[in-house]
Structures are given as structure tokens and as C-alpha cells.
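Have a look at the structure below before the remarks.
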Amino acid sequence: MKRKPLLKAVAGAVAVTTVLTACGANDKPAQAGGEVKPGGTVRLLNDSATQQYDPAKSGSLVVTALGLVHRRLTSWKVAPGQDTTIIPDLATDTGRPTEGGKTWTFTLKDNVKYNDGSPIKAQDIKWGLERTYAAAFSGGLTYHKDLLSPGLAYKGPFEGGKELDSIETPDDKTIVFHLARPYGDWNWIASTPAFSPVPKGKGEEADYGNHPVASGPYVLEKYERGKEARLVRNPHWDRATDDTRKANPDTIVFQLGQDTSVISKRLIDDSGDDQSAFSIPFASPAQLAQIQANPSAKSRIVTSESGALAYLTLNTQRGKLVDPKVRQAFQYAVDKAAYQVASAGNAQLAGDVATTLITPGLQGREQFDLYPAPASGDPEKAKKLLAEAGLPNGLDGLVLATRNENSYPEKAAAIQAALARANIKITIKALDEDTYTSEVDTKGISDYDLTLTSWQPDIPSANANIQPLFQSTEIGNGGVNESRYNNPEVDRLITEAQATLDPAEAGKKWAALDKKILGDSPVVPLIYTRNSFLHGSKFGNVVIGRFPAYPDYRQFGLIQ
């Protein structure tokens, strides 16, 4: 499971506009903005210069950009105020497990076709998965890889035409997965990009993502890095086979490489084509202040109920931080209220104070607090723990690594000031995204003591909160176990929870793991972030459920 934290979404299309307003993110969802009707062009404004439409290389959630072009075996039903549920997409159901969850079988629906009119076959799902093992097509989500090829022995279909024997396709509509071990979340994994069909034999070229064969309601008509990605209707997409994609707009234009401050100004001004536009980057604290001062713009802000877990990691294999008591002192030293202000200007927009590793909206989550303290922290308690650990004068010379975007420098400064009250002195090292990934996630032991980051699960399961961040196999080599936490008992319990088929039983195991890991204090939960998005006055049906903290692009449309 090698992937980066989800800092941004990448991206459309029904009835009435349903929003969670910024001034009442936890209130009953409101309906506003009038009726949304099919037709027209929407514009999605993105600060990223690129978009990835090759499913083998993509980490895009099913509700965002890739989900408009590529279908998967399963999908998510998202609604405001409700937990996200799993539903079939290309398959007739959400999978049939046998052998205690070691084997999973799916059957494809009738009349599912590509944009050229050819039928989608089970062999195409298998081929799409096989492509993900080729070195040239790395970069996407990899939850499936070790389960289908232990030790990643399989190297893809392009050298010698070798097939992945753990996937069977007895006929054009049936696909059977033989996993290396029982895995209860396999039906959720089947909603990730790798399970999008690619016509067998196609997609060997490195730039396949610039002209992919579409199975969803839209076709990528044009892609120009740093400028535009244009989606138009797929004439062979059948609405009767697709319960989640509303496909309201005729055309969806992603304007790429846009400056975030310019995006915000354009949408606040709300003129011309920008009335039909939406900001993919969520609003920064400075932008939120401008928006709140403008009544029209304030009415067009959509804020999620909750989102990613923002947290401070403690390098458990470095210096004095190897001592759990020293690490526990950080739980009391942080000022979560100050972190909220640094994140969005106020607590309501920033998100609630976090005390657990599993984020709200996921089955099995239990609310608890192993380190009760005011939101502003308890520096005296922190000092006491440090003294008990043989550090009466505190800690000095620690390095905190973080990113230099998304207000992370300001958030790191809030952490620095809070820790100083407990005689913990740190230096902030702000890095660009590539350097952060190289220095923090790729190296096994790096020259830092702390990191400040956030994590949005890739699927609505506590599995995706716990395993990537705390299993020892995720230390270095691109993994995101930045605390270098290595506990064999936790590793064993993760595997046990993953093998549990009953969601309620699995949820109890994940909640127990949440408490067990936090007892060792490898990270300090800070807040469950809220994301705020701005849209134009003619842009409607902006829907955010309890998970994920991003609008469902499949439901966007225009107020006609």
C-alpha cells in the first residue's frame, strides 16, 4: 500500500443543490440554489498542472476526476449526513467471498460498453490490473498488489505476455480473485482505480492516460498539461447500468495550473463563465476570511463535515523519542486550538479536535481520549512526563519536517510555539512535495524527529486509516509510516482485522488497534480537518457525505 497522503482531490454532475454551509457544517444539510438540469459546460479550476487518466497510475477517489471517465467493479454511494456505502458499478453485486474471504467472485452487468461501442469484458478488468505491475505504470494505489502477487513476483504483461494466475476469467462476464490471504475489504479495494477496465492488449504506450478508452459517462477529448483537460459525453455509456454517475453537464473543462488566489478571486467575483465554475483546491485561511466578508461568496461555500486526520508524527526510532513516556508528553504539549486557527482561521471551519486515529464516518470507529487535556494543551503535564523520563530540562534540537504548501508552515509554527511552553524546542524544515517524499517517506531513518502531515483514507474503511500509517512494512520505500512505528503485535492484529469478513466485527478490531497504537504514542492526533470549497452561482449539486471530505464530482450540474 504505497501512496502519498491525499492533500488534494482531482475531479462532476443532478437535481437540487445540497450543501453544507461553512457557518453550519454540522447542521442538517440545506437545499439551496434552485433546480439543476442536464446540459451545459462546467469548469473545474485546479491549481495542479496535471491530471492522471491512466488508472494504473492514479490515486483518484471514485468520486473525483478519474471516476468520470473510468468505471470500476464497485462504487460508493455518497449523501450528505450519511455514511458512505458500497454499491455495484460494473459488477452486478459487491462481490461474493468464499474460502473465508480468500476468494472473491464478481459478475459483470449486461450492456456495459466502452466509448467505441465495444463490450467491456472480464478479461479487460484482469488486463487493467496486470498493467499495474509493470514498472512503467507505477504510481497508482497498490492495495491489491501483494494480495494477488505476494512479494510482487509478477512484473506485468508486457514482457513475454505472462498472465497473473491469481485472477481467473472463466467467461467474458466472470472474474475470480484468488488472494494470498483472507481480506474482508476486497470489495472496497475493487473500487480503486486499478479495477477500471482497459481493453485487453491496449495501453502499452506510456501516454495512455492522455487518450484512454472510456467506460464512464465522459471521454477525455483533449488534454494539455498545465492548461486544460476537456471531457465530453460518451455516447455508449448507459445510465441504466450506472447508479451513481448523474452525468448532467455536456462538457466538463478542467482548467489546470491556476493560481489559488486567482481561483478564489474569480469565484468571489462570480461573473461570466466563472458562475459555472468550481474550485478544486479547498480555500485557505486567508481566502476564507475574504469569502466570509462577502455575503454572496459566503452563500456559495461548501464545507465538509470532517475529513483527513491532521497529526504530528514522532520518530519512534530516533533519539529520546524511542521512550514512550517522552512521546506521551507531546500529547499534552500540543495546542490543538491554535492549530485549528492556523488551519482555517477558526475551529468551526478547521475541524474538530482529534483524539483518535480513525476518522469520523468510518464503521467501527469509537470515540475515546487516552490523554484528556484542554484543547489548548496541558504544558505542565507534559513537563512532568518529561521529568519522569529523565528530562527535567525538556528537549532541544528537534527537527520538524513539513510541506511548504497548504498553510503547513503556519500550522508548524503553531506547533512550535505550543511545544516551547513545555520546554520542547524544535526547528521547522519546510520542504516542497518531492523533497518531502524523498527525505521523509523514501528513507528508512531520516534526519528529522517530527513531521506534520495529514491522511485521508483511500476507501471508507478503518483499515485504510490504520494499516498504511502504522504497519511496519510501510516504513521507508515510499510508505507513509512516518513515525517508523514497528510493533510486531500490531502487525499481527492488522492482518487479523483485515481477514475479518463481518464489517461490525472488523470495526471492533480496528477500534481496539486504534487504542493500542495510541497507547504507544507514535503520533499526536490534532484535528479532523474540514475542507471548504467555493463555487459559482450557477454551479449546483455540490454533495459531500461523511466520507470523503471532497464533493462528489459525479453529481455536479448547472442551475439552468
Quiz item: Atom OG of Ser75 and atom CZ of Arg554: how far apart are they, to the nearest 0.5 Å?
Solution: 4.0 Å
Quiz item: Okay, side chain of Thr500, backbone of Asp502: is any donor-acceptor separation there less than 3.5 Å?
Solution: no
Quiz item: Does a donor on one side chain and an acceptor on the other come within less than 3.5 Å for Asp352 and Ser306?
Solution: no
Quiz item: Do you know the tightest heavy-atom contact between Ile544 and Thr303?
Solution: CD1-C, 4.3 Å
Quiz item: Say you draw a straight line from CG of Asp458 to CG of Leu141; how long is it, rounded to the nearest 0.5 Å?
Solution: 4.5 Å
Exercise. Looking only at non-hydrogen atoms, find the nearest pair between Leu61 and Pro457 and report the distance.
Key: CD2-O, 4.4 Å
Quiz item: Looking only at side chains, do Ser261 and Asp259 share a donor and an acceptor under 3.5 Å apart?
Solution: yes
Quiz item: Is Lys515 close enough and on-axis enough to Phe368, meaning under 6.0 Å and within 45°, for cation-pi?
Solution: yes
Quiz item: Hey, what's the ring geometry for Phe282 with Tyr550, parallel, tilted or perpendicular (30° and 60° as the breaks)?
Solution: tilted
Self-check item: Nearest-0.5 Å distance, CZ of residue Arg43 to CZ of residue Phe539
Solution: 11.5 Å
Quiz item: In terms of heavy-atom contacts, does NZ of Lys265 have more than 12 from other residues, nucleotides or ligands at under 6.0 Å?
Solution: no
Quiz item: Checking side-chain contact (heavy atoms from CB on, under 4.5 Å) against Leu314, which of Leu450, Val326, Val322 comes through?
Solution: Leu450
Exercise. Compute both the distance and the angle, then confirm whether Arg365 meets the cation-pi test with Tyr528: under 6.0 Å from the six-membered ring centre, within 45 degrees of the axis.
Key: yes
Quiz prompt | Closest approach of Pro525 to Leu309 (non-hydrogen atoms, all atoms of both residues) | solution = CB-CD1, 4.1 Å
Quiz item: Considering all heavy atoms of both residues, which atom of Leu362 and which atom of Phe547 are nearest to each other, and what is their separation?
Solution: CD2-CD1, 4.0 Å
Self-check item: Residues, nucleotides or ligands: over 12 heavy atoms within 6.0 Å of Lys57 NZ
Solution: yes
Exercise. Kindly give the heavy-atom pair with the smallest separation between Gln363 and Pro503, and that separation in Å.
Key: OE1-CB, 3.5 Å
Self-check item: Side-chain donor-acceptor pair present, Ser454, Tyr408, cut-off under 3.5 Å
Solution: yes
Practice problem: Quick one: sort the Trp186 and Tyr183 rings into parallel, tilted or perpendicular, breaks at 30° and 60°. | Solution: perpendicular
Quiz item: Leu66 pairs by side-chain contact (heavy atoms from CB on, under 4.5 Å) with which of Gln51, Arg72, Gln52?
Solution: Arg72
Self-check item: Least distance between heavy atoms, Tyr485 atom then Pro522 atom
Solution: CD1-CB, 3.8 Å
Quiz item: Would you say Gln331's side chain and Tyr371's backbone share a donor-acceptor pair under 3.5 angstrom?
Solution: no
Exercise. Test the Lys336-Tyr339 pair against the cation-pi criterion, namely NZ or CZ under 6.0 angstrom from the six-membered ring centroid and within 45° of the ring axis.
Key: no
Practice problem: Check the side chains of Thr356 and Gln367 for a donor-acceptor pair under 3.5 angstrom, ignoring hydrogens and angles. | Solution: no
Quiz item: Under 3.5 Å, is there a donor-acceptor pair linking the side chains of Glu482 and Tyr436?
Solution: yes
Exercise. Answer yes if the side chains of Thr74 and Asn187 hold a donor-acceptor pair under 3.5 Å, and no otherwise.
Key: no
